[in-house]
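The analysis underlying the following values was restricted to heavy atoms, covering all of them including side chains, and did not include hydrogens, waters or symmetry mates. Ligands are counted one by one from 1 in listed order, and the atoms in each one are counted from 1 as well. What you are looking at is a predicted structure, and each value in this text was computed from that prediction instead of being measured.
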Amino acid sequence: MALQSHGVKIPCHGYTASSDLSRMAISSNQLSFSNSRGIEDCCRRRRAKAIKVAKKGGGVEAVLKAEEEEEEEQFFSNGNVENFTSIMKFGGSSVASAERMKEIASLVLSFPHERPVVVLSAMGKTTNKLLLAGEKAVSCGISNVSEIEEFSFVKDLHHRTIRELEVDPSVISAHLEELGQLLKGIAVMKELTPRTRDYLVSFGECMSTRIFAAYLNNTGVKARQYDAFDIGFITTDDFTNAEILEATYPAVAKRLHADWINDPAIPIITGFLGKGWKSCAITTLGRGGSDLTATTIGKALGLQEIQVWKDVDGVLTCDPSIYQHAEPVPYLTFDEAAELAYFGAQVLHPQSMRPAREGDIPVRVKNSYNPKAPGTLITKARDMSKAVLTSIVLKRNVTMLDIVSTRMLGQFGFLAKVFSIFEDLGISVDVVATSEVSISLTLDPSKLWSRELIQQELDHVVEELEKIAVVNLLQHRSIISLIGNVQRSSLILEKVFRVLRTQGVNVQMISQGASKVNISLIVNDSEAEQCVKALHRSFFESGDLSELTVDGENREIGNGSAMRLNNV
Ligand SMILES: Nc1ncnc2c1ncn2[C@@H]1O[C@H](COP(=O)(O)OP(=O)(O)O)[C@@H](O)[C@H]1O
Ligand SMILES: N[C@@H](CC(=O)OP(=O)(O)O)C(=O)O
C-alpha cells in the first residue's frame, strides 16, 4: 500500500500523512521520500519465513508483524526519509531564562529552509542544583525537604520562566510535585543511589523541553515535546554514565518520522536522558550528555548538519575560564574534537563525536549569545598542511601511578596483568608510558562518582598491583593535552620544552601514542595553569599562530630563536 503525498509515493505502514501543514511554515517538499524498497522481494522473503514458522506451529501473524516493524525501522533509519534537515542542540546556558528561551525560539525559526529537530538541556544550573538538593535530602529529614535552598531555586526558576513566557503552569506542575515527592523519598531512605540520582536530574530536561515546546505552540509554531527515554533512547544500565545502544538509532528514527508524517511539528527532545535496557529506568549519559543526544539523533535521521549551541564562539584554543585570550578554532576533525573532549575540554561531551563520525555528519559549534560568529566546523577531514597546534586542554586533579615490575612475570605477562587489574576494577586509564620493567599511567577520576569512592578505588588498585609490582601513587597531577598535527611533533615539542624550561617546570611524563592529534604532558596541578597560559601565549599570540604558514620563511619562535619551518 502506498500513500500519495505532495506528488511523492510513500510506502505506507498504517501511517497517514496529515494535511494540516498550515501552522508551521512547511513547504511541500518536507514530506519527501528518496527511494522505494524492493517491496516484492521483501514480500517473498516474509511469505517464505512465515510459512516456515507456520509449519512449526508458530504464529504467522506474529512473524509478519515483527518483520514489518523491523523493516519500517530499517527503512526510516537508512536516510530514506527526509523530513528533517538539521538538529539544533541548546545547552543549559542557552535556555537559562525566559529571555534566553525567546531568543533561541527566534534562532530556531530564523532558518526558513531548515526543518530542525531541537534538543535541549536543563535550564542554566538546574542539574547541579538538583544534585545538591538530592545530597541535602539524604540527611535533612523529611520535614525539612521543602526548605532545601536548591529545591526552592529550581521551583522559582521554572515558575518565573513560565510566568514570563505566559505558558500554562500545568505543563510542569505534575513534575514539580513529583520532584518534591522524590526528595521526600530520598530523605526517608537516607540514601541517594546512582539510579535515583539519574531520575532526580531528569526533571531538569523534562521541564525545560515542556516549557519551550509550550512557548512555541503559544506563538503559533507547532512543536511537540519528547522525553528521550520514551522514544527509543535505549542505554546500558550504567546509571550516571550510560552508553547508548545500537537499537536506539532505528527506534528514534521511526518514531520521529512517523509522528511527523501523522502531524508535522518541530520535535523538542530532552538531551542527556535514556532508558536502561534491563531496568527500564531513566538513565543519564554523563555530564554534558545532551551533545551526545544531538549527535545520536543526527546519525539516526541521517541529517545534513548537527548544530550545538553554547555560550562561547565555538571550540576555543583553550578553556576561556583558564585563559581569557582563548580564540575560536574555525575547523576541527572529528578525531581532534574527540580527543579534545576526552582529555577534558568541557565544551563537548567525550563520546559525542562518535555518532557524527559514524554518520559522517558535520558538527557546528555555535554561540547562542553571538549567532553571527562563525563558530567551529567539525568534519571528517580538513586541510592539515598548515596545522601545527589547534588547542590546549587541561585536565586537573589526575592521579598518576608509577608501577615497577618485581619481575615475577615476563614483560608481556606484566603488561597484561596490570591492564587486567584496571579492567576488573572498571577504571579507565588515560595516558600511558612504558619501559621494559615499568609503566607510568594516569587514571581518570571522572569515571568515579564521588570523592570517597575515588580513595576506596585507588586503595584497591594499589593493593592489587602490589601483588606484582612496586607502586608509587602520585596525586594532584594535571594532564596538558596539545591537540594538533602530530606530524609536526618535533616542532611542537621543541617549542613546548623551551616554554616550560622558561617557566621552571619539569614534565613528569609525556605520551604521543597512536593518536595523530594529541601529545600529553603530565605536570603538577600547582604548575598547570601557569603552563597553559605560557604555552598559549607562545603558540597563539606570538605572531606564529597555531596554523603556522609553512612557507619557507624564517620565523620568530618562542624566546626569539629562529627556525626554518619548511625543514620541519
Ligand atoms: N576549549 C574550549 N573551548 C570552548 N569552551 C570551553 C573549552 N574548554 C572549556 N570550555 C568551557 O565549556 C563551556 C561550554 O560548554 P558547556 O558548558 O557544556 O555548554 P552548554 O551547557 O551550553 O552545552 C564554555 O563556557 C567554557 O567555559
Ligand atoms: N543538564 C545536563 C546535560 C547537559 O548536556 O548539559 P549542558 O548542555 O548544559 O552541558 C548537565 O548539566 O550535565
Relative to the heavy atoms of Lys89, which atoms of ligand 1 are at a distance of less than 4.0 Å? 23 (O)
Do Asp237 and Arg195 meet the salt-bridge criterion of a basic N to acidic O distance under 4.0 Å? no
Are any of the N/O atoms in Lys310 less than 3.5 Å from those in ligand 1? yes
For Asp311 and Asn367, test the side chains for any donor-to-acceptor distance below 3.5 angstrom and give the result as yes or no. no
Among protein heavy atoms, which lies nearest atom 10 (O) of ligand 2, and at what distance? Gly288 CA, 3.7 Å
Shortest protein contact, atom 6 (O) of ligand 2 (heavy atom only): Ser121 OG, 3.4 Å
Do any nitrogen or oxygen atoms of Ser290 lie less than 3.5 angstrom from nitrogen or oxygen atoms of ligand 2? yes
Short list, please: which atoms of ligand 1 are under 4.0 Å from a heavy atom of Ser93? 22 (O)
Quick one about Asp198 and Thr284 (side-chain donor to acceptor, distance below 3.5 Å, no hydrogens or angles considered), yes or no? yes
Between Ser121 and ligand 1, find which residue part has any heavy-atom pair under 4.0 Å and reply side chain, backbone, both or neither. neither
When you measure from the heavy atoms of Gly204 to every atom of ligand 2, does any distance fall below 4.0 Å? no
Sidechain N-carboxylate O distance under 4.0 Å for Asp430, Lys395: yes
Salt bridge Asp291-Lys89, side-chain N to carboxylate O under 4.0 Å: yes
Report the nearest protein non-hydrogen atom to atom 12 (O) of ligand 2: residue, atom name, distance rounded to 0.1 Å. Arg287 NH2, 2.9 Å
For atom 6 (C) of ligand 1, the option (of Val347, Asp291, Ile483) bearing the nearest heavy atom: Val347
Is the number of heavy atoms from other residues, nucleotides or ligands under 6.0 Å of Lys184 NZ greater than 12? no
N or O contact, Asp291 vs ligand 2, cut-off under 3.5 Å: no
Who gets closest to atom 2 (C) of ligand 1 by heavy atom: Val365, Val329, Leu316? Leu316
What's the shortest distance from atom 9 (O) of ligand 2 to any protein heavy atom, and which residue and atom give it? Gly92 N, 2.8 Å
Atom 27 (O) of ligand 1: of Asp311, Asp319, Val312, the nearest heavy atom sits on Asp319
Taking 4.0 angstrom as the limit, do Arg197 and Glu135 come out as a salt bridge? yes
So, 4.0 Å and heavy atoms of Lys89: is ligand 2 close enough to count as a contact? yes
If I apply the N/O under 3.5 Å rule, does Gln346 come out as touching ligand 1? yes
Against ligand 2, does Glu205 come closer than 4.0 Å with any heavy atom? yes
Strictly by modelled atom types, are Tyr215 and Glu164 linked by a side-chain donor-acceptor pair under 3.5 Å? no
